[in-house]
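Here's the structure, in structure tokens; my notes come after.
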Amino acid sequence: MSTAYHPETVESGAQEYWARSRCFEVGEDTEKEKFYCLTMFPYPSGKLHMGHVRVFTISDVIARYQRMQGKHVLQPMGWDAFGMPAENAAIKRGVPPAKWTYENIADMRGQFKRLGYAYDWSREVTTCRPEYYRWEQWLFTRMFKKGLVYRKNSVVNWDPVDQTVLANEQVIDGRGWRSDALVERREIPQWFMRITAYADELLDELDRMPGWPDSVKTMQRNWIGRSQGVELTFDVAGDNEPLTVFTTRPDTLLGVTYMAVAAEHPLAEKAAAGNPDVAAFIEDCKKTDAAEATMETMEKKGMPLGISAIHPITGDEVPLWVANFVLMSYGTGAVMAVPGHDERDWEFAKKHGVPIKQVIAPADGSDIDIEEAVFTEKGVLVNSGEYDGLNYDDACEAIADFFEKSGRGRRAINYRLRDWGVSRQRYWGTPIPIIYCDDCDAVPVPEDQLPVILPEDVEVSGKGSPLRDMPEFVNVSCPQCGKDARRETDTFDTFVESSWYFARYACPDNDQVMLDERAAYWTPVDQYTGGIEHAILHLLYSRFFQRVMRDEGLTDISEPFTNLLTQGMVLKDGAKMSKNKGNTVDPQELIEKFGADTVRLFMMFAAPPEQALEWSDDGVQGSFRFLKRFWNAVQSHTDGGPAGDIDVAVLNAAQKDLRRKTHQTIAKISDDIGRRYTFNTAVAASMELLNSINRFEDDSDAGRSVKHEALEAVVLLLSPIVPHISHALWAELGHKTALIDVPWPSVDEAALAEDLIEVVVQVNGKLRGRISVAVDADKDTLAAVAMADENVQRFIDGKEIRKTIVVPGRLVNIVV
RNA sequence: GCCGGGAUGGCGGAACUGGUAGACGCGCUGGAUUCAAAAUCCAGUUUCCGAAAGGAAGUGGGGGUUCGAUUCCCCCUCCCGGCACCA
């Protein structure tokens with residue numbers, strides 16, 4: 001008796017079964033091969049968006065597929081619960097961030113369950129809970145003792161009206177988003193983690209990470225930006241402090257015609273004291289936000305300081321400039337400028353009338369005019385005194401030797417990577433476990449006083465952190481000397497929480513240690529899936545933290561994520577879906593209308609995971625239609641009663657064709673899901689198979705048995721993507737064992753065998769015919785049959801055949 | 001600006017290792033069913049020429065390598081992501 005497809009009934013039935021059998025709650029089974037499948041955990045914004053649905057479905061498909069391969073699969077879920085949106089909501093609606101966050105988590109957990117993800121909810125981690133963040137506070141104090149954290153001044157965006165520090169995204173066209181005031185760069189003391197201490201290891205290990213996309217590895221390599229060069233010092237006329245610069249082009253040293261320092265550089269500040277124009281210029285430089293993209297794209301401005309450096313080789317005076325494009329936080333905050341052989345220096349020199357000197361000539365001896373165009377290639381030294389005639393390598397060596405012998409410089413390795421600033425002047429984050437004492441300076445909070453608990457019952461105004469106004473939080477006694485002291489009110493960057501949560505899923509309930517032996521069982525993550533937007537920061541910080549935890553003796557693992565899948569954005573109208581742009585699509589409405597399986601299916605079908613997915617409301621309907629066809633096909637088949645076993649000896653041609661299609665599809669989808677992660681083509685292949693099934697009209701016993709096998713294959717092959725309908729249809733096909741415990745189907749090689757295949761015939765590379773030949777036809781036979789084709793004859797008739805290319809099983813190309 | 005990625009019918013995409021461009025789906029067109037509509041089913045659907053057979057062009061633009069290029073190389077355009085305080 002056929003029933004119509006009702007997704008709510010089917011899906012709640014499957015979900016109740018999974019919950020009742022607790023099939024996704026896993027312990028540590030050393031007998032089985034483990035598979036740790038993880039998705040970047042979400043920020044609990046309150047509502048699931050399409051980007052979430054996409055990434056969580058991708059991961060769930062992989063987890064369910066691996067389970068069917070017999071692996072012991074862990075797939076946990078948790079909440080990246082600290083962050084700015086909670087504070088913004090608090091400012092807007094007066095709800096404390098904690099309350100807002102916990103309510104959002106409850107809502108989103110419900111949505112996740114409705115989507116049928118195979119999560120072990122017993123391991124849920126919430127980063128704003130003290131039982132979680134106490135361990136990163138603890139690790140920070142350990143890092144403090146090792147010198148892996150330190151405090152220094154660094155630049156923030158200062159809103160002079162709201163008297164508060166702004167995030168880069170809160171600065172719009174150089175103005176504060178709420179006050180509209182011009183934002184200023186301001187230096188304040190902040191805590192840093194010494195990620196640069198691991199720069200070489202983080203860089204070198206990338207060469208041994210075959211499971212990561214090349215694009216991400218390249219981005220990380222470029223981000224770390226290791227470069228070999230020379231660090232050299234210039235004396236400054238009338239100043240005792242020499243100026244140190246780093247260059248990767250010491251061969252161009254004789255071409256230095258000016259030098260530039262950052263606005264925050266001590267020399268600039270010194271010059272400003274006696275020169276109001278310079279002072280005004282520096283003030284002007286500070287009226288910009290602190291983002292690097294802004295620095296790089298803004299107009300390059302500079303002003304001479306009226307101070308000269310002494311060229312270390314020629315002894316000439318070289319004018320010093322202050323420039324808005326030199327970053328204090330990068331390198332030494334000073335650069336030597338070689339306008340003849342550096343693009344940016346050339347443009348700056350042209351604009352400001354600084355002389356341009358050619359010191360490199362093209363290696364092939366050709367002439368260039370350095371006033372007309374910059375020459376940045378490596379070549380032969382000219383106008384460089386005793387170094388004239390040397391090539392790049394020899395010149396670098398000679399000049400580096402000169403500096404090292406004279407003690408004025410050294411060969412050095414420079415990194416673009418900077419230490420990680422983790423201080424945030426915000427309330428809703430992990431309190432940095434430091435106490436400031438007038439006598440003992442900054443003292444880490446002792447282990448027995450952890451965690452430093454963030455008070456949750458607060459009012460947020462948007463003007464500075466409420467923690468500063470809480471004497472019961474701030475006033476403490478110094479752990480070292482006992483005198484009155486003040487607690488740090490800054491909190492951690494939320495990237496700190498997301499840098500180790502993947503390990504904590506293994507042992508979220510341990511209140512004695514950060515990680516235990518269960519982490520040793522589950523880590524590293526076998527498959528990590530998340531947005532490409534995290535290619536650098538989150539993934540690099542996590543790799544860094546994993547090493548810090550390793551060196552603390554918490555784990556033996558160095559790399560946290562063995563295989564990485566970076567999924568593209570979900571776009572609408574060509575832009576990232578976001579509340580700001582008002583171009584969101586609510587998954588909840590679609591789930592209510594069509595069910596979770598339709599939404600999951602459409603997400604997997606619309607594009608391959610790595611590509612950006614342009615959302616379109618059309619097409620969801622098509623996925624729903626397909627599931628209805630799928631449902632009806634199984635129902636009408638089972639209406640005919642049970643089907644017998646297949647007897648391969650009695651199958652006719654059409655029955656063999658369907659069997660071949662079934663097993664070809666099993667092979668293709670196994671490859672698509674297991675190796676290629678191209679779920680879109682897996683869905684397409686299963687649609688093709690169902691189309692073949694629906695065209696196959698054969699009610700004989702043999703026909704029904706072949707059809708039964710084909711339908712079972714579709715159910716199993718689609719089950720990672722649409723697990724609910726598959727659960728129901730598997731039972732409908734007469735099985736007592738629940739689908740979740742059934743292994744992935746295997747290919748019957750014998751069913752794939754074919755007698756005749758089609759081969760394409762080209763003449764001069766253009767398609768002119770198709771021939772049907774035996775599978776094992778040799779090259780000569782193929783060529784002969786191809787020549788005999790009627791249409792091919794028209795194109796080769798009367799012409800000389802110069803060459804015949806035969807690709808067995810594929811094509812014949814006749815060149816005339 | 002720098003780093004990474006992308007561009008294929010009306011739309012989303014397929015073509016995996018240089019070998020049939022457009023699988024699969026959406027949309028659209030025509031037909032069946034219906035009192036009618038929805039739903040469903042069948043057929044067609046890159047463009048141009050042609051009644052058809054067939055032919056020509058065609059994978060963002062320009063050039064190159066090759067018997068053969070969506071695929072490899074060079075140059076360019078536009079779009080997306082990241083740029084260290086959005087997560």
Side-chain angles (χ1 to χ4, degrees), chain A residues 40 42-43 45 80 82-85 156-157 165-171 190 213-216 218-223 225 289-298 300 325 329 343-344 416-426 493-495 498 531-538 540-541 566 568-569 571 574-576 578 580 602 605-608 610-616 618-623 625-626 628-629 632 671-672 675-676 678 680-681 683-688 691 694 758-762 764-767 770 791 794 802-805 807 810-815:
Chain A
M40 292 177 187
Y43 179 81
S45 55
D80 189 12
F82 276 135
M84 283 207 315
V156 293
N157 300 309
V165 175
L166 299 180
N168 285 338
E169 75 157 10
Q170 295 175 312
V171 180
Q190 309 204 67
D214 288 336
S215 58
V216 174
T218 304
M219 278 192 263
Q220 292 213 348
R221 274 188 202 103
N222 293 337
W223 186 260
D289 63 275
E292 190 185 293
T294 310
M295 303 287 280
E296 291 278 339
T297 47
M298 70 190 172
K300 309 284 184 287
F325 55 85
S329 50
E343 189 89 40
R344 191 174 64 185
R416 208 187 76 92
L417 179 70
R418 308 198 290 263
D419 278 334
W420 177 13
V422 294
S423 294
R424 296 293 179 271
Q425 296 69 45
R426 276 181 244 294
D493 178 3
T494 56
F495 274 125
S498 56
I532 183 68
E533 66 271 25
H534 294 293
I536 295 176
L537 293 180
H538 161 61
L540 196 61
Y541 292 149
T566 52
M569 313 265 157
L571 308 176
K576 188 176 175 173
S578 75
N580 293 345
F602 177 71
F605 182 52
E610 310 232 44
Q611 269 180 44
L613 184 154
E614 171 68 34
W615 181 263
S616 124
D618 305 331
V620 178
Q621 185 79 45
S623 293
R625 219 158 25 211
F626 170 74
K628 276 195 286 187
R629 270 206 305 277
N632 293 336
D671 190 48
D672 283 350
R675 178 181 66 91
R676 297 208 302 155
T678 50
N680 56 329
T681 54
V683 173
S686 60
M687 285 174 169
E688 279 190 57
N691 289 344
N694 283 337
E758 190 185 73
V759 167
V760 163
V761 185
Q762 297 178 336
N764 284 349
K766 292 197 176 186
L767 179 66
R770 295 157 200 277
N791 199 46
R794 288 176 48 213
R802 289 171 44 199
K803 199 172 177 183
T804 305
I805 294 129
V807 184
R810 284 221 176 251
L811 61 67
V812 178
N813 187 13
I814 301 160
V815 185

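Judged as a side-chain hydrogen bond (donor to acceptor under 3.5 Å, both in side chains), and not counting sequence neighbours, A:R810 has no contacts. Every side-chain contact (heavy atoms from CB on, under 4.5 Å) that A:I536 has, sequence neighbours left out, goes to A:M219, A:W223. Under the side-chain hydrogen bond (donor to acceptor under 3.5 Å, both in side chains) criterion, A:E688 pairs with A:K661, not counting sequence neighbours. In this structure, the side-chain contact (heavy atoms from CB on, under 4.5 Å) partners of A:A684, at least two apart in sequence or on a different chain, are A:F605. Partners of A:D493 according to the side-chain hydrogen bond (donor to acceptor under 3.5 Å, both in side chains) rule, which considers only residues two or more places apart in sequence or in another chain, are A:W420, A:R424. Qualifying ring-ring contact (aromatic ring centres under 6.0 Å, His included) partners for A:F602, counting only residues two or more places apart in sequence or in other chains: A:W615. A:R802 is linked by a side-chain hydrogen bond (donor to acceptor under 3.5 Å, both in side chains) to nothing, counting only residues two or more places apart in sequence or in another chain.
Here B:G82 is the nucleotide among B:G19, B:A14, B:G82 with the atom lying nearest to any side-chain atom of A:E533.
Using a 4.0 Å heavy-atom criterion, one finds that A:M295 contacts no nucleic acid atom at all. Within 4.0 Å of A:Y43, counting heavy atoms only, lie sugar-phosphate atoms of the nucleic acid but no base atom. Nucleic acid contact class of A:G421 (heavy atoms, under 4.0 Å, all strands): sugar-phosphate only.
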Between the protein and nucleotides 67-73 of chain B, which nitrogen or oxygen pairs come in under 3.5 angstrom?
from, atom 1, to, atom 2, distance (Å)
B:C67, O2, A:N813, ND2, 2.5

Below 3.5 Å between N/O atoms, which protein atoms pair up with nucleotides 48-55 of chain B? Just atom names and distances, please.
from, atom 1, to, atom 2, distance (Å)
B:G55, OP1, A:R768, NH1, 3.2
B:G55, OP1, A:N791, ND2, 3.3

Which protein N or O atoms sit under 3.5 Å from an N or O of nucleotides 43-46 of chain B?
none

Considering only nitrogen or oxygen atoms on both sides, find all protein atoms under 3.5 Å from nucleotides 26-32 of chain B and state each distance.
from, atom 1, to, atom 2, distance (Å)
B:C26, OP1, A:R625, NE, 3.3
B:C26, OP1, A:R625, NH2, 2.7
B:G27, OP2, A:R625, NH2, 3.1

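Ring orientation note: the planes of A:F495 and A:H534 are nearly perpendicular, at an angle over 60° on the 30°/60° scale.
The distance from atom CD of A:E688 to atom P of B:G25 is 8 Å, rounded to the nearest whole Å. The interatomic distance linking A:R676 (CZ) with B:G13 (C1') rounds to 13 Å, in whole Å. Atom NZ of A:K766 and atom C1' of B:A21 are 14 Å apart (whole Å). Separating the CE atom of A:M40 from the P atom of B:G81 is a distance of 16 Å, rounded to the nearest angstrom.
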Heavy-atom contacts, protein to nucleotides 3-8 of chain B, under 4.0 Å, summarised as B (base), S (sugar-phosphate only) or - (none) per nt, yield SSS---
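Taking syn as a glycosidic angle within 90° of 0, B:G9 qualifies as syn.
The shortest distance between the side-chain N/O atoms of A:N680 and the OP1/OP2 oxygens of B:G25 is not below 4.0 Å. Checking the phosphate oxygens (OP1, OP2) of B:A87, a side-chain nitrogen or oxygen of A:T494 falls inside 4.0 Å. Listed pair A:N691 / B:G25 meets the phosphate criterion, a side-chain N or O lying under 4.0 Å from OP1 or OP2. OP1 or OP2 of B:A84 sits under 4.0 Å from a side-chain N or O of A:N168.
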